J.: 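Take this structure, written in structure tokens, and hold onto it; I'll ask about it next.
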Amino acid sequence: MINKSLPLLMDQSKKGRKAINLPEIGVEKSILPDKKFLRDSIQLPEVSQLDLIRYFTNLSSLNFSIDTNFYPLGSCTMKYNPKINEQISAFEGFSASHPNQIDENVQGCLEVMYNLQNELAEITGLKSVSLAPLAGAQGEYAGLLIAREYHKFNNNNHKNIALIPDSAHGTNPASAAMAGLNAVTIKTTSEGDIDIADLKEKVSKETAVLMLTLPSTLGLFEPNILEITQIVHDNGGLVYADGANLNALLGITKFGDLGIDICHSNLHKTFSTPHGGGGPGAGPVMVTKKLESFLPYPHIKKENDIFKNYKPENTIGRLNGFSGSFGILLRAYTYIRSLGAGGLKEISENAIINANYIQERLKSHYNLTSSRYCMHETVLSATRQKENGIKALDIAKKLLDEGFHAPTMYFPLIVDEALMIEPTESESKETIDSFIECMIMISELSSSNPEEIINAPINLPVERLDEALAARNPVLSWKKE
Amino acid sequence: MSEIPNNLKYSKDHEWVNIEDNIATIGITLHAAESLGDIVYVDVSSLNQELKQFDKFGEIESVKAVSDLFVPVSGKIVEVNEELESNPEYVNDDCYEKGWIIKVEITNLNDLTTLLDSSEYEKII
Amino acid sequence: MKNSPYIPATDSDQAEMLQTIGVKSFEDLLSDVPKNLLFPELKLEEMLSEPELVNYFNYISKKNFASKKKTSFLGGGAYNHYIPSTVKAMIQRGEFLTSYTPYQPEASQGTLQVGFEFQSMIAQLFEMDVCNAGMYDGPTALAEAALMACRIKKNNKILIHDSVSQKLLDVLSSYSKWQDVEIINYDEIDLNDQESYSCLLVQSPNQRGEIIDVENLSNLIHEKNGLLIHHTYPISLGLIKPPGQLNVDIATGEGQSIGVPLSFGGPYIGLLTCKKEFIRQLPGRIIGQTVDKKGKTSYALTLQTREQHIRRENATSNICTSTQLIGLMVSVYLATVGPEGLKQISETCYHRAHYFANEINKINGLKLVSNNFFNEFVIESDKDVTEINNYLFSNNIEGGLNISDGDKNLLLFAVTEMNNPKDIDETIGLLRSMHD
């Protein structure tokens, strides 16, 4: 890693430099628009191609990534992003396909989408699928809109409440607010299971939907799931499952069998599409047959061996410009085809075993949030270390120093000093063992020499940042000195 | 500076109140400021508005959290501390003086009886 | 028996771990799952090895016309522009491709500094004060901009200028339908009424490629105490005045045209910029500059209290994962073409489009109906346009977008720097031969 600041491009810019040769106009020029519409000047960096490549390449070396580091981020499923997926998505027939083409000319793309719809339907047990949503949060939003339209269609307009567990990811209440639903919080037990008594008290005929994450955000399978979905259905509500943690359930159990009506999946988590530093992702939404006509469009069907783009009859509408994030959908489909049913089940099996192995080996050093076996992730609490003044944040920074990306911290909100660890199935036992040894070392250091942890990181290109300054005095783009 | 000055009154929402004639100067306590962390922004949306006791009058943001602010006495917000716009850190550095947030013209003196004194406030934190 | 190169655990690794955990088999870990619902059958397509994957997908990809097209005149929100080799090289770097959202800034300065460059370059291109780190796509950026204006103005009436395409309206409708917002056609209001509105949405170049007098509209809406939101086409900004000079309050756009492949509709990137007084209402991630403990210039996510992970139901938006990698592509693109290159590309698109349009206009049965257009224009035809497109298609040319309505046969053509003059002349020849 380079250990010095790299000046911004505008600071490196020199008039007259260029990074590419472009063709001449090549035709007779026409009259330009009226002067009042024309731009005088453009300010953008002028650099040579080498300096450009060197700059971005050096910047890349400042990053942790799955390709370079272990990333046990709970609920993010940082598994290996296969290179073959990248190669296939670059095939010209796919990357040059224009989204406004008529169906006849994009049968290859539509076939990929149709097949992916079927694979996701089979995996989740929810048979009707739309691949339109561009991220998990958009998938959640779509799911909630489907619930709202369904209730409206059945003249149940009074149903305007979303029941949301206190352990939920922030996108859940945010999506509910966008869908105009009132969020009512459901208590969870100390192990993150839904408090059934609280659910029974708060469910009512105004309940439009219960939003659940399964496994929960504490990495545990909801033992009362069948009772919970029954309670909601008895009150005329729908059950929505946030599929962020689907990596624990592939071939293990199906949402559709558990009484779930709607779910979304994060392809950039469970299905290996690369995170890219914060997207792009995709968040397909899957529903039971009775909700199919409400799906967003476009939606792909097959008629007489021809694939077509449809607008479902009672659709919630168009969520974005085109058919969804096709490049991401293609990568996910390639991944599923490279595994098949047997491979997918092994994914979850190994994800679960790896997480339990970590839980078992760390339980005498960190507080567990539950004594049960976890699923694909385990949530530890750094309360023991806090007694020596070491918080979850400090442990995270020390891990960075040791070359491991930190686990998810301070989530779920109901756990004090939470560290959520998800190894995924991609990691070898050797990598996992070295992570465990590092966590044990940090725990011991927290009582023997806490300053080493408080000062971390010291081995990275930058040390702890002044985030208060960044927020008090926002500098959000290059300014001339 | 004491953590909980004796000459001030306090609300359960961790605000302090300094009363002079019928004007109440209000800010957040040291305990609140420490829980929030480095304050980055104070947003008072109700200047010149008349509020009832415990109505929300604004929000206070740190790097990682945001908290609603509730007026501890009924009245009209007549002044907002404009220094906080460019120096929100006054709330961390000197929450009882330089870090004051609003001044309220009290409309219901009875509200003062519901406030806590310093020893009562100390008990709740 | 292990099935996959993506799962390193051997049988003995698994046995060791199960023993450490203290269970005999994997099933012992699943006692919370209802027994009768455990291990359902998955009827999926057969697994393919890596060479088989390449064969299979190669075959499928060739079922798309794109694999044999010679040139394309299709536009309508997504455009066939040149993607420089520098862009393709940079997104292959695993350190960018496989990194996570930069919540741990010390481990993510690459992603963060690139994101800051993105914000800077788009702010410069648009000449607006602030740009965020990217939205899902152009239409959702516009929808979120409208909702942002409603929050800022505490007013739920949104005006729509007739330049705004139906597709943008459809997405806005999906985003606002349950939020007690009123969408009103600008043509239907009385400018002298006492009403106030949160914003006016305008698209320029519009859906027919035409350049609108945005500055004039900004005066009108400001008089009504509303904000002007301008949705634009980035490549056009190499030639046409940017939003920042038109007194625009919030400017959005689709970033696909600046360094992002067509890829059948995504992933793309939404551009969202605004005046600095509105930054606390801006949705999405924002990257700010700061210093570390040792005073070194560095970058971090900032103003996070707007976002869902802190504000939850009171967040400016539910957006979490967005489009960071596409932001990298756009940054590399803009730095590669630079100000001179962007101007040249923009002028090339303009002049070639006008040349093409003027020649088509001379053909019997075809008439140019767009005025003051940038690089897209509408042709009205006396015959059904599918005939035209089919004929072009049989010559491996991707024709225009069929936007026929009612009794008018209309085709929307887009011309970019990827349409070289030879191909344009060939297409003109073919159209002429159809109509002689």
Side-chain angles (χ1 to χ4, degrees), chain A residues 19 26-27 30 42-44 46 59-60 62-67 88 91 93 95-99 105 107-109 134-135 137 170 173-175 177 180 221 223 257 274 276-281 317-318 321-323 325-327 340-341 343 357 373 428-429 460 462-463 469-470 475 477-478, chain C residues 3-4 8 13 17 29 32 37 42 44 47 57 60-61 63-67 74 93-95 97-99 101 106-107 109-111 120 123-124 136 139 170 174 178 261 263-267 288-290 292-293 298 302 308-309 312-313 315 318 321-325 336 338-339 354-355 421:
Chain A
V27 298
S30 304
I42 311 171
Q43 202 183 39
L44 282 173
E46 290 177 86
L59 281 180
S60 76
L62 301 179
N63 266 3
F64 275 39
S65 62
I66 299 175
D67 276 6
I88 286 171
F91 284 176
S95 70
S97 274
H98 197 295
N105 290 341
Q107 286 294 296
C109 292
L134 298 175
S175 302
F221 193 86
D257 293 341
R318 173 182 276 289
F322 298 104
S323 304
S325 201
F326 179 76
Y357 177 67
Y373 295 123
S428 68
K429 185 167 175 296
L460 297 185
V462 298
E463 300 196 14
L469 177 67
V475 172
S477 59
W478 176 85
Chain C
N3 238 342
S4 166
D13 286 333
M17 289 196 276
L29 298 173
D32 285 333
L37 300 175
L42 284 187
L44 298 177
M47 177 208 111
F57 282 104
I60 302 275
S61 78
K63 293 187 188 178
N64 294 321
F65 175 52
S67 57
L74 196 51
R93 291 202 67 82
E95 298 93 328
L97 185 68
T98 70
S99 65
T101 311
E106 302 89 340
Q109 287 299 296
T111 296
S120 303
Q124 283 169 322
Y136 300 138
D170 288 342
S174 305
W178 294 99
S263 189
F264 196 54
Q289 196 181 72
T290 181
D292 78 348
K293 232 161 60 174
S298 43
T302 192
Q308 48 78 27
H309 54 290
R312 299 173 72 90
E313 63 269 13
N318 70 344
T321 294
S322 61
T323 44
Q324 210 68 31
L325 188 76
T336 299
H354 282 260
Y355 167 74

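All values derive from a computational prediction rather than experimental measurement. Throughout, protein chains are lettered first and strands after them, A, B, ... in sequence-line order, and every chain is numbered starting at 1.
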J.: Could you check which of C:Gly266, C:Gly338, C:Ala123, C:Pro261 has the highest count of heavy-atom pairs closer than 4.5 Å to chain A?
T.: C:Gly266
J.: Please find the pair of heavy atoms, one from A:Glu46 and one from C:Pro339, that lie closest to each other, and give the distance.
T.: CG-CD, 3.5 Å
J.: Against chain C, work out which of A:Gly277, A:Pro280, A:Pro173 has the most heavy-atom pairs shorter than 4.5 Å and name it.
T.: A:Gly277
J.: Can you tell if the side chain of A:Ser65 reaches within under 4.5 Å of the side chain of C:Leu97, non-hydrogen atoms only?
T.: no
J.: Any idea which heavy atoms bring A:Ser60 and C:Arg93 closest together, and the distance?
T.: OG-NE, 2.7 Å
J.: Test your reading of the model: is there a side-chain donor-acceptor pair from C:Thr302 to the backbone of A:Ala470, 3.5 Å cut-off?
T.: yes
J.: Atom OG in C:Ser99, atom CG in A:Leu62: separation rounded to 0.5 Å?
T.: 11.5 Å
J.: What option among A:Gly317, A:Pro223, A:Pro274 has the most heavy-atom pairs under 4.5 Å with chain C?
T.: A:Pro274
J.: Using every non-hydrogen atom in the two residues, find where C:His354 and A:Ser30 come nearest and quote the distance to one decimal.
T.: CB-OG, 3.2 Å
J.: Can you tell which of C:Thr323, C:Leu325, C:Asp292, C:Thr111 has the highest number of heavy-atom pairs within less than 4.5 Å of chain A?
T.: C:Asp292
J.: Quick one: which of C:Gly288, C:Ser322, C:Ser298 has the most heavy-atom pairs under 4.5 Å with chain A, could you say?
T.: C:Ser322
J.: Which answer fits C:Thr101, side chain, backbone, both or neither, if we ask what part of it has an atom under 4.5 Å from a heavy atom of chain A?
T.: both
J.: Quick one: of A:Gly278, A:Gly180, A:Gly93, A:Ala174, who has the most non-hydrogen atom pairs under 4.5 Å with chain C?
T.: A:Gly278
J.: Please name the pair of heavy atoms, one in C:Gly265 and one in A:Phe322, separated by the smallest distance, quoted to 0.1 Å.
T.: CA-CB, 3.8 Å
J.: Measuring from A:Gln107:CD to C:Lys63:NZ, what's the distance to the nearest 0.5 Å?
T.: 8.0 Å
J.: Just verifying a value: how many Å separate A:Leu59 CG and C:Glu95 CD, rounded to the nearest 0.5 Å?
T.: 11.0 Å
J.: Within the distance-only criterion (no hydrogens, no angle test), does the side chain of A:Asp67 pair as donor or acceptor with the backbone N or O of C:Thr98 below 3.5 angstrom?
T.: no
J.: Select, from A:Ser97, A:Ala177, A:Ala19, A:Gly340, the one with the greatest count of heavy-atom pairs under 4.5 Å involving chain C.
T.: A:Ser97
J.: For the CG atom of C:Asn64 and the CZ atom of A:Phe91, what is their distance to the nearest 0.5 Å?
T.: 12.5 Å
J.: Looking only at heavy atoms and a cut-off of under 4.5 Å, which of C:Ser67, C:Ser120, C:Gly94, C:Ser61 has the most pairs with chain A?
T.: C:Ser61
J.: Can you name the closest pair of heavy atoms from A:His98 and C:Phe264 and give their distance?
T.: O-CD1, 3.8 Å
J.: Measure distances from A:Phe221 to the heavy atoms of chain C and classify the residue's part below 4.5 Å as side chain, backbone, both or neither.
T.: both
J.: Identify the heavy atoms of A:Gly26 and C:Pro421 that sit nearest to each other, and give their distance.
T.: O-CG, 3.6 Å
J.: Less than 4.5 Å to any heavy atom of chain A: does that hold for the side chain of C:Pro139, its backbone, both, or neither?
T.: side chain
J.: Does A:Asn105 use its side chain to pair, donor to acceptor, with the backbone of C:Phe65 at less than 3.5 Å?
T.: no
J.: Any idea which of A:Gly108, A:Ala96, A:Ala341 has the most non-hydrogen atom pairs under 4.5 angstrom with chain C?
T.: A:Gly108
J.: With a 4.5 Å cut-off on heavy-atom pairs, point out which of A:Ser428, A:Ser323, A:Gly321 contacts chain C the most.
T.: A:Gly321
